[in-house]
Amino acid sequence: MRRTHSCGALRASDIDQTITLCGWVHHRRDHGGVIFIDLRDREGVTQVTFDGAVCSAEVHAQADRLRNEWVIEITGTVASRGDNVNPNLATGEIEVFATSLTILNQAQTPPFELDEHAKVGEEVRLRHRYLDLRRPVIQSRFLLRHRATKIIRDYFDQRGFLDIETPILCKSTPEGARDYLVPSRVHPGAFYALPQSPQLFKQLLMVGGFDRYMQIARCFRDEDLRAERQPEFTQIDIEMSFVDMDDVMAEAEGMIRSLWQEVLGVDIGPVQRMPYAEAMLRYGSDKPDLRYGMEIHELSDWAPTSGFVVFQRGVEDGGICRGFNAKGAAEALSRRQLDFLDKEFVRDYGAKGLAWIKVGNGEWQGPAARNISPEARAELAQRLDVSDGDVLFFSAGPKRVVEATLGAVRVHLGTEMLGLAQPGDWRFLWVHSAPMFEWDDEARRFVSVHHPFTSPYADNLEILTSDPGACLSQSYDLVLNGVELGGGSIRIHRPEVQEQVFRALGIGETEAEEKFGFLLDALRYGAPPHGGLAFGLDRIIMQMAGTDSIRDVIAFPKTQKASDAMSEAPGPVSDAQLKELHLLSTARND
RNA sequence: GGCCUGGUAGCUCAGCUGGUUAGAGCGCCGGCCUGUCACGCCGGAGGUCGAGGGUUCAAGUCCCUUCCAGGUCGCCA
């Protein structure tokens with residue numbers, strides 16, 4: 001070992017010791033006769049002092065050459081800082097008077113300052129990620145991630161879960177996200193798909209008798225990216241045999257509880273549960289953010305009597321009318337902001353506008369207010385608990401548009417405009433019993449809300465074919481502050497039920513056998529009842545680290561166009577490679 | 001695929017209604033400095049204003065196309 005200590009280790013108790021440190025030059029302060037170097041490694045920063053009266057002229061001259069990010073090794077004596085203690089450093093009580101200096105490597109001037117105070121754009125940081133990763137704030141996130149995965153593995157190990165790896169080269173299956181494909185050399189014209197999740201394999205592990213499985217698994221989805229979405233991401237994947245919903249939820253909740261307890265020192269308390277239908281009604285979302293109120297109310301029965309033609313027509317045309325009360329928000333919301341919500345914000349969600357009413361001094365102001373009859377107003381005041389200083393929001397029209405619109409406005413108010421969401425406020429919620437299917441207008445068929453292997457409730461089996469849209473699933477999603485951390489379900493373990501579900505999805509018998517034959521076969525050979533769940537590890541870490549981008553907790557993330565700013569992947573390959581894979585590119589090379 | 005925001009020195013940004021030689025802070029380079037700790041002082045270098053085209057006497061600024069980055073809707077079983 002070259003070094004005796006890390007740069008975060010030395011304390012007053014080490015005074016007078018002769019020690020050796022290695023690290024990067026973090027800052028240098030050259031006073032002529034004395035040169036101070038802040039030496040940095042993963043563990044911290046130590047001040048190294050080159051004093052002309054202590055070290056040799058040669059060493060002092062070498063120290064004079066040092067620049068930021070040079071890699072050095074120093075040997076010297078630990079000394080008290082006396083009156084010059086630096087309270088911002090863990091090692092601030094001491095400094096090291098260097099007597100020898102070895103320059104292990106020089107460094108070009110970095111493209112950006114690694115100083116903790118410097119503001120640097122993400123683009124440059126990602127292009128030189130290896131430099132960005134040296135910054136203590138960044139390193140602390142990966143320390144956190146390491147601790148978390150260790151706790152997760154230990155938690156499941158103690159509870160009898162086996163960590164088993166599943167294939168990366170898989171078969172492409174219909175449904176779900178776009179696959180990343182890998183061409184086969186030995187099977188001309190055939191392709192592997194990278195797993196969107198280990199879903200089928202973990203079910204087969206249950207058929208294989210492993211009873212309890214866990215894996216921290218890499219997953220791949222070729223869809224457009226978001227702040228909380230990457231083309232490759234990591235799931236905490238679990239599956240259990242002979243269980244019902246409560247069993248899986250209890251295990252998953254226990255894991256989350258110990259994570260928050262051991263990493264953040266936070267007791268998350270009991271986790272609320274809410275049926276999907278209730279979440280959609282009260283919050284306009286399948287992942288409600290419970291950090292603020294503003295619950296949405298059904299007003300479809302009130303709308304026809306409201307006197308306001310927009311509300312009336314919305315309901316007459318087969319839609320709904322709902323609204324909510326932003327209590328006491330009148331002062332915080334300017335006319336300009338309300339206009340933005342009405343004329344810009346809600347357009348993204350398919351709404352033509354957003355009706356709002358500002359209540360002040362008993363007066364109801366806003367475009368919608370004058371149209372509402374006094375009687376309707378009185379009823380509304382009672383139903384939405386209206387008082388002075390409130391702002392009311394309404395939407396009328398197709399159900400999905402109204403839900404999406406009010407849900408989005410509510411979140412925008414809570415997190416942005418009114419700033420009601422406080423850091424350190426952890427509101428966990430299980431959203432369960434989602435519908436099995438959802439009608440897809442474009443595909444003109446039902447699609448799975450969860451996935452095609454999700455089991456309906458036993459007492460919903462008879463409507464599986466007669467009324468698929470009304471059939472509810474044994475599913476559960478864990479939501480934290482409006483972010484879906486993960487979800488799962490009890491799976492179908494009887495082949496005839498699985499076949500019925502495929503049929504409801506418009507997957508014919510031939511296609512089912514071709515794409516999922518191995519699963520159906522497996523179910524026929526004595527599959528145990530089973531269920532499981534998968535969490536998005538990156539999203540969990542992101543929440544714990546208090547950042548708002550998944551890229552912050554992935555060492556080498558991709559950009560929004562799914563490329564690597566550093567290695568510039570993906571890149572072209574030679575014609576010879578293509579030929580070997582029986583591929584011909586249709587992309588133009590101009 | 002749609003919408004929105006941004007791209008000016010190595011970094012972070014300013015640059016008005018189109019008008020002289022495009023600026024600041026930090027960083028960098030040189031000099032000075034024995035108690036700093038985001039050291040300080042003096043001096044200096046550094047620009048394809050993302051790219052291409054257009055309008056104009058004149059474009060960082062206006063228009064069109066395009067590339068890149070980010071946000072978001074669609075999409076993400």
Side-chain angles (χ1 to χ4, degrees), chain A residues 26-39 45-54 60 64 67-69 79 81-89 91-92 95 97 108-128 131 173-179 196-197 199-200 219-231 233 340 344-351 404-405 408 412 434 436-438 440-443 446-454 473 475 484 487 489 501 505 507 534 536 548-549 551 558-561 563 565 568:
Chain A
H26 191 55
H27 280 125
R28 112 196 126 91
R29 292 175 295 279
D30 183 352
H31 286 243
V34 62
I35 298 168
F36 300 104
I37 297 291
D38 287 340
L39 192 64
V45 170
T46 301
Q47 173 165 293
V48 177
T49 307
F50 294 90
D51 189 325
V54 176
H60 195 267
D64 197 49
R67 291 296 181 270
N68 282 349
E69 300 309 311
R81 290 240 213 155
D83 295 335
N84 294 318
V85 165
N86 183 346
N88 300 318
L89 286 183
T91 60
E95 63 189 320
F97 280 90
Q108 291 181 16
T109 302
F112 56 90
E113 293 168 59
L114 302 195
D115 187 284
E116 56 271 34
H117 305 280
K119 263 201 325 181
V120 188
E122 191 178 15
E123 203 178 341
V124 210
R125 293 200 286 113
L126 289 185
R127 206 160 54 235
H128 304 274
L131 293 178
T173 54
E175 301 284 306
R178 201 175 290 115
D179 283 324
Q196 295 177 28
S197 83
Q199 182 60 37
L200 289 174
C219 305
F220 307 85
R221 293 179 190 177
D222 187 6
E223 296 292 349
D224 287 342
L225 307 185
R226 289 286 190 288
E228 80 285 359
R229 252 195 254 162
Q230 280 275 300
F233 62 100
F340 164 77
E344 283 186 57
F345 184 82
V346 301
R347 305 295 155 110
D348 278 348
Y349 304 92
T405 300
H412 192 71
M436 283 288 289
F437 312 104
E438 203 171 43
D440 184 329
D441 278 330
E442 208 177 309
F446 281 104
V447 296
S448 294
V449 168
H450 213 239
H451 58 57
F453 320 108
T454 300
S473 64
S475 65
E484 184 195 324
S489 60
V501 168
L505 291 168
I507 299 174
D548 51 16
S549 168
R551 295 185 298 273
K558 303 280 193 291
T559 68
Q560 201 172 53
K561 284 220 160 46
S563 50
E568 296 183 319

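Every chain is numbered from 1 and lettered A, B, ... according to where its sequence line falls, protein lines coming before strand lines.
- For the pair A:P110/A:H128, no side-chain contact is recorded, criterion being any heavy-atom separation below 4.5 Å from C-beta on.
- Rounded to whole Å, the distance from CD on A:E95 to C1' on B:G35 is 8 Å.
- Atom pair A:F340:CZ and B:U72:C1' shows a separation of 11 Å (rounding to whole Å applied).
- In this structure, the CG atom of A:N84 is 9 Å from the C1' atom of B:C37, given to the nearest Å.
- Using a 4.0 Å heavy-atom criterion, one finds that A:P111 contacts the sugar-phosphate atoms exclusively.
- Rounding to whole angstrom units, CG of residue A:D440 and P of B:C75 are separated by 8 Å.
- With a cut-off of 3.5 Å on both pairing distances, the Watson-Crick or G-U wobble partner of B:C26 is B:G10.
- A straight line from CD of A:E438 to C1' of B:C75 spans 13 Å, rounded to a whole angstrom.
- Annotation for A:E95 and A:F36: closest pair OE1-CE2, 4.1 Å, computed over non-hydrogen atoms.
- Under the side-chain contact (heavy atoms from CB on, under 4.5 Å) criterion, A:R127 pairs with A:E123, A:V124, sequence neighbours left out.
- Within the shown strands, nothing qualifies as a pairing partner of B:C37 under the Watson-Crick or G-U definition with both distances less than 3.5 Å.
- Of the P atoms belonging to B:C26 and B:U20, the separation is 27 Å, rounded to the nearest Å.
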Using the rule given for side-chain contact (heavy atoms from CB on, under 4.5 Å), can you reason through A:D179 versus A:Q196, listing the C-alpha separation, both sets of side-chain angles and the distance that settles it, and then say yes or no?
CA-CA 7 Å; A:D179 283 324; A:Q196 295 177 28; 2.6 Å; yes

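- Checked by atom type and distance alone, the side chain of A:S549 pairs as donor or acceptor with a backbone atom of A:R551 at under 3.5 Å.
- Comparing the C1' positions of B:U21 and B:A58 gives a spacing of 15 Å, expressed to the nearest Å.
- Put simply, the side chain of A:D51 and the base of B:U34 share a donor and an acceptor less than 3.5 Å apart.
- Taking atom P on both B:U61 and B:U8, the two are 13 Å apart, rounded to the nearest angstrom.
- A donor and an acceptor atom sit less than 3.5 Å apart, one in the side chain of A:Q47 and one in the base of B:U36.
- Contact between A:D440 and A:E442 at its shortest, heavy atoms only, is OD1-N, 2.8 Å.
- The line from CZ of A:R178 to CG of A:D224 is 7.0 Å long, rounded to the nearest 0.5 Å.
- B:G27 atom P lies 17 Å from atom CG of A:L131, rounded to whole Å.
- The shortest side-chain heavy-atom distance between A:N68 and A:L114 does not fall under the 4.5 Å cut-off.
- Between A:F112 and B:C11, no base-stacking contact is recorded for ring centres under 5.5 Å apart and planes less than 30° from parallel.
- Considering only side-chain atoms of A:V120, the nucleotide from B:C37, B:U72, B:C11 that sits closest is B:C11.
- Comparing B:G53 with B:C13, their P atoms are spaced 29 Å from each other, to the whole Å.
- Taking only side-chain nitrogens and oxygens, A:R229 never comes nearer than 4.0 Å to OP1 or OP2 of B:U72.
- With rounding to whole Å, A:D222 atom CG is found 12 Å from B:C76 atom P.
- Counting heavy atoms from C-beta outward, A:R29 and A:D38 have side chains that approach closer than 4.5 Å.
- B:C62 is paired with B:G54 under the criterion used here, namely a Watson-Crick or G-U wobble arrangement in which both key atom distances are under 3.5 Å.
- As the counterpart of B:U5, B:A69 is assigned, both hydrogen-bonding distances of the Watson-Crick or G-U wobble pattern falling under 3.5 Å.
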Using the 3.5 Å cut-off, write out each protein N or O paired with an N or O of nucleotides 69-71 of chain B and the distance between them.
{"residue": "B:A69", "atom": "OP1", "partner": "A:T559", "partner atom": "OG1", "Å": "3.0"}
{"residue": "B:G70", "atom": "OP1", "partner": "A:Q560", "partner atom": "N", "Å": "3.2"}
{"residue": "B:G70", "atom": "OP2", "partner": "A:Q560", "partner atom": "N", "Å": "2.6"}
{"residue": "B:G70", "atom": "O3'", "partner": "A:R551", "partner atom": "NH2", "Å": "3.1"}
{"residue": "B:G70", "atom": "N7", "partner": "A:Q560", "partner atom": "OE1", "Å": "3.2"}
{"residue": "B:G71", "atom": "OP1", "partner": "A:R551", "partner atom": "NH1", "Å": "3.2"}
{"residue": "B:G71", "atom": "OP1", "partner": "A:R551", "partner atom": "NH2", "Å": "3.0"}
{"residue": "B:G71", "atom": "OP2", "partner": "A:Q560", "partner atom": "NE2", "Å": "3.1"}
{"residue": "B:G71", "atom": "N7", "partner": "A:Q560", "partner atom": "NE2", "Å": "3.4"}

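- Nucleic acid contact for A:G82: none, since no nucleic acid atom lies under 4.0 Å from a heavy atom of the residue.
- Closest non-hydrogen pair, A:V45 versus A:T91, comes out as O-OG1, 2.5 Å.
- When distances run from any side-chain atom of A:E223 to the nucleotides B:U12, B:G35, B:C75, the shortest one goes to B:C75.
- Separation of atoms CD (A:Q230) and CD (A:E223) is listed at 14.0 Å; rounding is to 0.5 Å.
- Comparing the same atom, C1', in B:G23 and in B:A45 gives a spacing of 16 Å after rounding to whole Å.
- A:Q199 comes within contact range of at least one nucleobase, with a heavy-atom separation under 4.0 Å.
- A:A53 comes within 4.0 angstrom of a nucleotide base, judged by non-hydrogen atoms across all strands.
- Candidate nucleotides B:U34, B:G35, B:C37 were compared by shortest atom distance to the side chain of A:F36, and B:G35 ranks first.
- Between A:N68 and A:D64, the residue whose closest nucleotide on RNA chain B is further toward the 5' end is A:N68.
- For B:U20, there is no paired base (Watson-Crick or G-U wobble, both distances below 3.5 Å).
- B:G60 and B:A22 are spaced 10 Å apart, taking the P atom of each and rounding to whole Å.
- Remark: the separation of the C1' atoms in B:G15 and B:A24 is 11 Å, to the nearest Å.
- Spacing of C1' atoms, B:U56 relative to B:C41, comes out at 48 Å, to the nearest Å.
- Here the side chain of A:S475 pairs a donor or acceptor atom with the backbone of A:A434 at under 3.5 angstrom.
- Side-chain contact between A:R67 and A:T109 is absent, with no heavy-atom pair separated by less than 4.5 Å.
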Nucleic acid footprint by protein, nucleotides 38-46 of chain B - heavy-atom cut-off 4.0 Å, B for base, S for sugar-phosphate alone
BB-------

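- Within the nucleic acid shown, A:R81 comes within 4.0 Å of at least one base atom, counting heavy atoms only.
- A donor-acceptor contact under 3.5 Å links the side chain of A:D224 to the base of B:G74.
- The interatomic distance linking A:R127 (CZ) with B:G10 (P) rounds to 11 Å, in whole Å.
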